[in-house]
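As C-alpha cells, the structure follows; a few thoughts come after it.
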Amino acid sequence: MYTFKKEERLCNKVLIEQLFHSGSSFLCYPFRVTWLPSAASQHFPAQVLFAVPKKRFKKAVDRNAIKRRAREAYRLHKQQHLYNQLTGTGKKIIISIGYIGKELAGYEQVEKKMVKLLVQLCGEVAK
RNA sequence: GACGCAAAACGUUCUAUCGCUAUCCCGAUUUGUCGGGAGGGAGGAAAGUCCGGGCAACGCAGAGCAUCCUGCUUCCUAACCGGAAGGCGCCGACAGCCGGCGACAGCCAGUGCCACAGAAAAUAUACCGCCCCAACUUGUUGGGGUAAGGGUGAAAACGUGAGGUAAGAGCUCACGGCGAUUACGGGCGACCGUAGUGGCGGUAAACCUCAGGAGUUGAAAAACCAAAUAGGUCCCGGAAGUGGAGUGGCUCGCUCCCGUAUAACGAUUUAUCGUAUCGCCGGGAUGGGUAGGUUGCUAAAGCCUGUCAGCAAUGGCAGGCGCAGAUUAAUGAUAGAAGUCGCUUAAGCGAUACAGAACCCGGCUUACAGAUUUGCUGCUGAU
RNA sequence: CGGGAUGUAGCGUAGCCCGGUAUCGCGCCAGCAUGGGGUGCUGGAGGUCGUAGGUUCAAAUCCUGCCAUCCCGA
C-alpha cells in the first residue's frame, strides 16, 4: 500500500517532545533517525516526521524539495522494509528523520539511503 | 539598423504510473470512518517585512508638552514613506524639444560647526603690500588707516567697469548674478512675467523652527465546544483516625495506648472561658487555565469584457466569472515527448531563471533564464 | 510570525552620539640581549572600516536600500 495519510504522520506535540527527550537515535548519512516505542493506540505501525534544518538550507524551496523527496522515498518503501517486520513482531514506534547533509541530494541518492535506513531501523527495533 | 534607457504585459506545455490536500456527489457503516467518482490546488515577486489599511481585543472627557514620522503644488485612493499630472532645480558636451534623477518647507527666527593651509572661515584681532602721522641712528622703529593686489583653501566678504579717496572700501553710480519682500498681470495652486524696496559665504540626511500626522497590541488577535487531569470558590450531606508511642535509613506497613460525639489536636474570633467556624470524606453547582477540536478562513476596497467621464492616475454604469486554504504544515515523485534559446552543415549536445501561500488587501524595495510590445536618442548607414 | 542588536588588521576590541588624524592588547616580522631557547627591550609591517548608493569641500561616523551573524517573545 503506497499511502501516506495524516495518521501516518507524527503531529502530536507531546509525543514529539517525548521522542526527542528519551528516544534512541542512530546515523545513516545523510539522515539522522530518532525513534521510540509507542504505547499509543494507532492504526499504523509507525508514525513519522521529517525535518530539515533552516540553518543549513536558507531557502524554503530547498527545504521543501528535500522533505518531498524523503517523504516520497519513505512512502514507496515503508511497506516492504518496515511495516511487514513491525506487524510481524506487533511493535509500534514513532520516528523522526532529520536531514543533516550539506548538499541538496538528488532523488536516486535519497531513495538508496532510505532503503538502507529502514533496514537498519528494523534491526534496531528488533533488539 | 544596432546598442542603451524607460514603461507595460508574460514567465513553459502535454501524456502515463504511483501519491497528498480540502470541497461536492453516490454507496457502505460499529457514526469513529471506509470505498468510488467529479472538477479544484503557489507567485510576479508568494520573498524582504520597509510603509499604509481592513479585521479583532483592550483603552479612551478636553487641551498642552515630550517622542517618532512626513515635507514643492493640485488631484487619485479605504489609506499611504504609494500613484498621476504639473512647477522648479540638476544631469545627458547644448538654447529649446525629449529622456532621466531630485529628503524639493525654512540658515532674512536663534544657536552651533567649517579640519589642514591661510592674515582672516564670519561683530574682519592686518603676514607681505599700499597710505598717513611721529621719532631719530635717513631706512628703520612705533602708532593709525586700508580687504584693491599677493599667496592659502572645497569655499575669501556678490562680479565687471567707472567715480571717489591720503590709500581704499556697495561708499556712490551703470550693467549683470542670487535669493527675500511689496504692487500689478497670468495660473485652482506650486510658480512665472514686469516694476519698486531693503539685502548679499556655506551647512538643517547639524541642533532646531514652521506645518501636518501617529492610542496600544497583533490571527500564536479573538470567540466557542465537550471529555480527562490537578486545583479554586460555594452549597448539601456524612462521621472517624486528624492524636501519642514503638519498629524502621525514609515513606508505606505492622504493633500498642488514647478517642469514636459532652472527645482530642491545630488555627481564627475574644481580656478570658464557653459557643461558633475552618481542616477530613462523599455528592452537586460554578467560574478560570492547559493539551485538543471548531469558528475566525477566504466572496475580495475581487477579476475579465464593453462603454462613458478625465491629459492621466482613477472613477461611474452594464454584462459575465466564482479563482488555494494547509496547520510538524498539501500543491509532489519518476519516466517520456514537445516548445524556446545557445553551439553545430546536420545528427546531436547543453541550458530552461528567481523562487514556495500561512488572516486578508493596496503599494514600495530587492532577485530573475528567456521572450513580446510601445516610446525615446547625442551612435551608425543610405537618401 | 513578531521584535532587537552587531559587522573595524590573523583574533579580541576602541573610535560613531558631536563628520576631517583609525586606537589598544594578543599574534606576525626584524634587531639587541643569551652558548642556544623562553622571558625581556627596541623598531616595523599589516585595514575596500560588511556591501551598494546618496548628502557634504570631506563619511568608519549622517541618511537609504541590500547581505551576513547573533539574541529575545510565542
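Chain identifiers are assigned alphabetically (A, B, ...) following the order of the sequence lines, protein sequences preceding nucleic acid strands; residue numbering begins at 1 within each chain. When reading the values below, keep in mind they use all heavy atoms of this one structure, side chains included, and skip hydrogens, waters and symmetry mates.
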Taking the [atom1] atom in each of [N] and [M], what is the distance between them to the nearest angstrom?
{"N": "B/rG112", "M": "B/rG145", "atom1": "C1'", "value": "34 Å"}
{"N": "B/rC114", "M": "B/rC107", "atom1": "C1'", "value": "14 Å"}
{"N": "B/rC225", "M": "B/rC359", "atom1": "C1'", "value": "22 Å"}
{"N": "B/rG287", "M": "B/rC234", "atom1": "C1'", "value": "11 Å"}
{"N": "B/rA156", "M": "B/rA84", "atom1": "P", "value": "42 Å"}
{"N": "C/rA22", "M": "C/rG46", "atom1": "C1'", "value": "13 Å"}
{"N": "B/rC97", "M": "B/rU197", "atom1": "P", "value": "34 Å"}
{"N": "B/rU305", "M": "B/rG348", "atom1": "C1'", "value": "48 Å"}

ask   = Picking from B/rU328, B/rG356, B/rU334, which would you name as closest to the side chain of A/L49?
value =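 In terms of side-chain proximity for A/L49, the closest of B/rU328, B/rG356, B/rU334 is B/rU328.
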
ask   = Between B/rA42, B/rA355, B/rA357, which one does the side chain of A/A60 approach most closely?
value =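 Nearest listed nucleotide: B/rA357.
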
In terms of base orientation, is [N] syn or anti, with the syn window spanning 90° either side of 0?
{"N": "B/rG32", "result": "syn"}
{"N": "B/rU298", "result": "syn"}
{"N": "B/rU290", "result": "anti"}
{"N": "B/rA42", "result": "syn"}
{"N": "B/rG44", "result": "syn"}

query = Taking the nucleotide of RNA chain B with the closest heavy atom to each, which residue, A/D62 or A/E72, is nearer the 5' end?
reply =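 It is A/E72 whose nearest nucleotide is closer to the 5' end.
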
inquiry  = Using OP1 and OP2 only, check whether a side-chain N or O of A/R68 sits under 4.0 Å from B/rA330.
reply    =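 Result: no.
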
request  = Report yes if at least one side-chain N or O of A/R69 is closer than 4.0 Å to OP1 or OP2 of B/rG19; otherwise report no.
outcome  =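 For B/rG19, OP1/OP2 do not have a side-chain N/O of A/R69 under 4.0 Å.
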
Using atom [atom1] of [X] as one end and atom [atom2] of [N] as the other, report the distance to the nearest whole Å.
{"X": "A/K78", "N": "B/rC20", "atom1": "NZ", "atom2": "C1'", "answer": "12 Å"}
{"X": "A/L76", "N": "B/rG332", "atom1": "CG", "atom2": "C1'", "answer": "11 Å"}
{"X": "A/N64", "N": "B/rA47", "atom1": "CG", "atom2": "C1'", "answer": "14 Å"}
{"X": "A/Y74", "N": "B/rG332", "atom1": "OH", "atom2": "P", "answer": "22 Å"}
{"X": "A/E111", "N": "B/rA333", "atom1": "CD", "atom2": "C1'", "answer": "10 Å"}
{"X": "A/R63", "N": "B/rA358", "atom1": "CZ", "atom2": "P", "answer": "13 Å"}
{"X": "A/F50", "N": "B/rC20", "atom1": "CZ", "atom2": "P", "answer": "14 Å"}

request  = Under 4.0 Å between any heavy atoms, over every strand shown, what does A/R71 touch: base, sugar-phosphate, or nothing? Just pick one.
outcome  =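 Touches sugar-phosphate only.
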
query = Does the pair A/E72/A/R75 count as a salt bridge with the N-to-O cut at 4.0 Å?
reply =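 Result for this pair is yes, salt bridge flagged.
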
inquiry  = Which nucleotide, if any, forms a Watson-Crick or G-U wobble pair with B/rA222, using both distances under 3.5 Å?
reply    =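 By the stated definition (distances under 3.5 Å), B/rU295 pairs with B/rA222.
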
Pair partner, B/rU352 [Watson-Crick or wobble, under 3.5 Å] =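 B/rU352 is paired with B/rG339.
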
query = Is the shortest heavy-atom distance from the side chain of A/L49 to the side chain of A/I95 under 4.5 Å?
reply =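 SC-SC contact between A/L49 and A/I95 ruled out.
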
key: hbond_proxy A/R75 side chain to B/rC18 base (donor-acceptor, 3.5 Å cutoff)   =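 Indeed, a donor on one side and an acceptor on the other fall under 3.5 Å apart.
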
ask   = Between A/Y74 and A/F50, is the ring centre distance below 6.0 Å?
value =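 Aromatic pair counts; centres sit under 6.0 Å.
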
inquiry  = Quick check against the 3.5 Å criterion: does A/R32 have a side-chain atom that pairs as donor or acceptor with the backbone of A/F26?
reply    =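 No, because the side chain of A/R32 does not come within donor-acceptor range (under 3.5 Å) of the backbone of A/F26.
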
message = Looking at every non-hydrogen atom in both residues, tell me the closest pair between A/V52 and A/K67 and how far apart they are.
response =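 Between these two residues, the closest heavy atoms are CG2-CG, 3.6 Å.
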
ask   = At their closest point, which heavy atom of A/A73 faces which heavy atom of A/E111, and how far apart are they?
value =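 Heavy atoms of A/A73 and A/E111 come nearest at CB-CA, 4.0 Å.
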
